[in-house]
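Notes for the one structure printed next.
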Amino acid sequence: MNREEMHDKILEMVGEYCDMFHNQEEPYREGERIPYASRVYDREEMMNLVDSALEFWLTSGRYVKEFEKKLAEYLGIKFVSVVNSGSSANLLAFMTLTSPILKDRRIRPGDEVITVAAGFPTTVSPIVNYGAVPVFVDVTIPQYNIEVNRLEEALSEKTKAVMIAHTLGNPFDLMAVKSFCNKHNLWLIEDNCDALGSLYTIDGKEKLTGTIGDMGTSSFYPPHHLTMGQGGAVYTDNPLLHKIMRSFRDWGRDCVCASGQDNFCGHRFDGQYGELPQGYDHKYVYSHFGLNLNITDMQAAVGVAQLKKFPGFVAKRRQNFAYLHQGLQDVKDRLILPEPAVGSKPSWFGFMMTCNGVDRNKVVPYIEKKGIQTRMLFAGNLVKHPCFDEMRASGSGFRVVGSLESTDRIMRDTFWVGVYPGMTKEKLDYMVKVIKEAVEQ
């Protein structure tokens, strides 16, 4: 048996192994654990993973190139850069806007970025860690996204950008936010980590979220819409932003050569950069203080297989959301049910509910005791967390616009359950039954 034959035999056996020992789900029995999210995969992901392992190119390689190309095609956008997590994607997108190459539009320490406190911390942590100032605006219920009527109030002479997430897949009011950014010459970063596949109609065109602002970000952590274990991406149509983000992602290099590639430009040893000697190796010239945020080819191999299934994943999430929404109509006076943004077609990450006249501290434990996993809206109100203690005590480092009244209510009264593609009708029926019991007890 030669190398190629052995390779094909190994992959064939891996496929058989997956079919025999993975995805052999038993019929659901009431009371069994229903997670808020889970991986959905088959033999193709596992075979791709082993194929990459057999090649043993342990850093970014051909599968990364294929994944970036196919994700760009899906999004209808020019440039995609994969990274090692959604958090790194947010970091990379933000740090791109700090580049000296952007001149007067660059974000500097002390500049302000408008965002929300009702969400996940890594939308905000790049702002804080760099020394910029997050400006927190309240959100609306039941959309759970930024209250756009407060944007002008949040604006100051130091404002440089808006960086906010599409909450649990529900797009924020992109029409209003984009108009605000255009009016004041602000950057817009869409944290699309919970919303890959969501659609929004703007200027008469239906577009995927993450492609409307200057940059969008995604996460490929196992609970997310598409998984490769760990991973994320930043995407843009702006070639200058793309060049800068590639530099920040790849150690801060000025060179654009891929890993393992030399002298792509043909001028590796004849340039003059900064105060370096004439002809200094361009592969080791640094235009930014960057990082290594790359993924392995093995992760991207899983992502390539996931992308083929992705439209089906989105359709199933929408179907599961609609099923829960219809099933819980009888208790909508006690649970405020989520509503999609006007002009949107969300790719839902979860099904959010806000207790109305019932106690979340009784509702959620009841649901959990019955085997259904729940989640809060992440931080609830981020500025109430210990990580803000020092800034709160000093009275500096962030600004709050208004009272964050809805944000605080979300912190007290809101929770969510999953709608991931692996949900069955039996699981959804049980979830509806238990949630009704919880509010009626």
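A donor-acceptor contact under 3.5 angstrom links the side chains of Glu368 and Thr374, judged on distance only. Between the side chains of Arg106 and Thr98, not a single donor N or O lies within less than 3.5 Å of an accepting N or O. A donor atom on one side chain and an acceptor atom on the other are not found under 3.5 Å apart for Glu55 and Ser52. There is no side-chain donor-acceptor pair under 3.5 Å between Gln230 and Ser85. Side-chain contact of Tyr41 with His22: a donor-acceptor pair under 3.5 Å is present, judged by distance alone. Using a 3.5 Å distance cut-off with no hydrogens or angles, the side chains of Asp51 and His7 do pair a donor with an acceptor. Asp138 and Thr407 share a donor-acceptor pair across their side chains, judged by distance under 3.5 Å alone. Remark: the Ser198 side chain and the His166 side chain contain no N/O donor-acceptor pair separated by less than 3.5 Å. One side chain, Asp250 or Asn294, offers a donor N or O that lies under 3.5 Å from an acceptor on the other. For the residue pair His288 / Ser247, a side-chain donor-acceptor distance below 3.5 Å is found, with atom types taken as modelled. Side-chain polar atoms of Ser125 and Asn129 form no donor-acceptor pair below 3.5 angstrom.
Residue pairs meeting the salt bridge (Lys or Arg N to Asp or Glu O under 4.0 Å) criterion with at least one member in residues 191-204: none, sequence neighbours excluded. Applying the side chain to side chain donor-acceptor pair (under 3.5 Å) rule to pairs touching residues 379-388 yields Asn381-Asp408, Lys384-Asp408, sequence neighbours excluded.
Listed by chain and residue number, Lys425, Leu428, Asp429 satisfy the side chain to side chain contact (heavy atoms under 4.5 Å, CB included) test with Tyr323 (two or more places apart in sequence, or in another chain). Here Gln261 pairs with Cys257, Ala258, Phe264 under the side chain to side chain contact (heavy atoms under 4.5 Å, CB included) rule; sequence neighbours left out. Annotation: ring pair (Phe, Tyr, Trp, His ring centres under 6.0 Å) contacts of Tyr200 (sequence neighbours excluded): none.
Ion pairing between a basic and an acidic side chain is recognised when a charged N comes within 4.0 Å of a carboxylate O; Arg43 and Glu16 show no such pairing. Ion pair Glu68/Arg249 flagged as a salt bridge, since at least one NZ, NE, NH1 or NH2 atom sits closer than 4.0 Å to an Asp/Glu carboxylate oxygen. Using a 4.0 Å cut-off between charged side-chain N and carboxylate O, Lys309 and Glu45 make a salt bridge. Using a cutoff of 4.0 Å between basic side-chain nitrogens and carboxylate oxygens, Arg409 and Glu405 are not scored as salt-bridged. Using a 4.0 Å cut-off between a side-chain N of Lys or Arg and a carboxylate O of Asp or Glu, Arg62 and Glu66 do not qualify as a salt bridge. With salt bridges taken as basic N to acidic carboxylate O contacts below 4.0 Å, one links Asp389 and Arg392. Ionic pairing of Glu152 and Lys183 is present here: one or more N-O contacts between side-chain nitrogen and carboxylate oxygen are shorter than 4.0 angstrom.
Using cut-offs of 30° and 60° on the angle between ring planes, the pair Phe313 and Phe310 is perpendicular.
Going from atom CE of Met215 over to atom CZ of Phe94 covers 10.0 Å, rounded to the nearest 0.5 Å. If you take CG on Leu337 and CZ on Phe321, they are separated by 8.0 Å, rounding to the nearest 0.5 Å. Lys158 NZ to Lys160 NZ: the interatomic distance, rounded to the nearest 0.5 Å, is 11.0 Å.
Of all the heavy atoms in Pro142 and Ile336, the pair that sits closest is CB-CG2, 3.8 Å.
Pro121 has its side chain out of reach of Cys387: every pair of non-hydrogen atoms, C-beta onward, lies at least 4.5 Å apart.
When the options Val116, Ile164, Val148, Thr167 are evaluated for a side chain to side chain contact (heavy atoms under 4.5 Å, CB included) with Phe172, the one that passes is Ile164.
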Tell me which donor-acceptor pairs under 3.5 Å the side chains of residues 348-355 have, and how far apart each pair is, sequence neighbours excluded?
residue : atom : partner : partner atom : Å
Thr354  : OG1  : Tyr144  : OH           : 2.6
Thr354  : OG1  : Thr414  : OG1          : 2.7

